[in-house]
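Notes follow the structure.
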There are 2 protein chains.
Amino acid sequence: MAGARQFDESQVLDAMMRVFWEKGFEATSIDDLVRATGLQRGSLYNAFGDKAAMFCRALRLYQDEVHASHLHALRGDDPREALTRLFQLQLKSARDARQPRGCMLSDARRICHRLPTTAATETRAAADELEGALFAMFERARAAGRLAATADCRALARFYAAVARGVAGTEPGPLEDIARIGVALLEAA
Amino acid sequence: MAGARQFDESQVLDAMMRVFWEKGFEATSIDDLVRATGLQRGSLYNAFGDKAAMFCRALRLYQDEVHASHLHALRGDDPREALTRLFQLQLKSARDARQPRGCMLSDARRICHRLPTTAATETRAAADELEGALFAMFERARAAGRLAATADCRALARFYAAVARGVAGTEPGPLEDIARIGVALLEAA
DNA sequence: ACGATCCTTGACCGATCGGTCAAAGCACCT
DNA sequence: AGGTGCTTTGACCGATCGGTCAAGGATCGT
């Protein structure tokens, strides 16, 4: 019954991530995690620490598996292509019934003042990454002449980051509309 | 000590609304409401019913006091003016330290599947009102020739509703940027 | 004056919360 | 073979959760 680890840590982390992603930090109970992972309470605490630490590990997995692809979509210096890629990723997530709706990061950001200090700063930093990536992309675009020299890259980044936050939980149909408008408006400017 | 109501119901409702607005439905405990209102548990339950009913009443007050002004901002057929008014309202809220950050409605929308049926449908309906008001405004604008005849009013409404959701909790500085871009992009199109 | 009715109060309920711990067991090192 | 060090297990902890209720007091109609 014991001696060495009886479980695959990455599988367990994946299960924990899905629960936190779906229900958020506060609404997720340890019993939820027990059910989802198949592990016992003691094993969870022994392996990860307390609830905040479990959330942190789950959040880090989310960053690596989900958020990283969003940041990667913003590569290059063509804002139209970059935004299209980002919206396409979000559309794919929205259409995938296996994936929880919403964004684990922006949910975490909103409640991070109730998290322990280290978890809070980590969450804040991660949540600000998208705006940073958007800003960098717009700056590359301006340098490449694909954006007016007078364009306010910071403001554009903040705007599209707000759009990205705002589409969390949206159904695929409306999300298609939003993506189309998001790209069209940028082209018009 | 008793006999007739010892409290001003509207004052109590206002206090409850602020708590629910700040912390959300799940993270708000009855004891939080007891502290915020000054009433005892029994009085709260006697006056309003259960926690979901308290939330409903608070949400209705939010609609009347806060959300209604947002819908009113979208009057007329000039999309530039309407959006500017909406963003100005949000900026004013963000600058007002007495008001909680974020939007009680979009927060409620996200967790409404955990509410009782009646509260859930009420919440959903209220949360969809902004997109409806945006749609109506864009249609008036198109009829008045202020928007291209080919403009997709539904898509535009969905897009700006997403922006409005996405700015929840944003600091005044970034919000100014977002408002400026939001209006500028529409003008360019 | 006197019930009837409503409100307030504070104790109380079972359930669940996050977290702990001793007992027991397996695996590895020497 | 026999410790040693880890994991697993399930019972257990105090705190808090949403919700209830009997007791008691104030107000009103009659």
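The chains referred to below are lettered A, B, ... by the order of the sequence lines, with proteins before strands, and numbering in each begins at 1.
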Could you check whether the rings of A:F25 and A:F55 sit parallel, tilted or perpendicular, using 30° and 60° as the cut-offs? perpendicular
What's the closest nucleotide to the B:Q40 side chain, out of C:dG10, D:dT7, C:dC7? C:dG10
Ring-plane angle category for A:F48 and A:F7, please: parallel below 30°, perpendicular beyond 60°, tilted otherwise. tilted
A:R80 atom CZ, neighbour heavy-atom count above 12 within 6.0 Å: no
Out of the candidates B:I181, B:T170, B:D177, only one should pair with A:R158 under the side-chain contact (heavy atoms from CB on, under 4.5 Å) rule; please name it. B:D177
Contact letters for nucleotides 16-23 of chain D, in which S counts primed atoms plus P, OP1 and OP2 and B counts the base, heavy atoms under 4.0 Å: -SBBBB--
Protein-nucleotide distance (B:E9, atom CD; C:dC7, atom P), rounded to Å: 10 Å
Rounded to the Å, how far apart are A:Q6 CD and C:dC26 P? 9 Å
With a 4.5 Å cut-off on side-chain heavy atoms, are B:L186 and B:Y160 touching? yes
So, is A:S43 near the phosphate of D:dT8, with a side-chain N or O under 4.0 Å from OP1 or OP2? yes
May I have the distance from B:F48 (atom CZ) to C:dT8 (atom P), rounded to whole angstrom? 10 Å
Can you tell whether the side chains of B:R95 and B:E176 come within less than 4.0 Å, N to carboxylate O? yes
Rounded distance in Å - CG (B:D8) to P (C:dC7): 15 Å
Measure CG/B:L39 against C1'/C:dG10 and give the value in whole Å, please. 14 Å
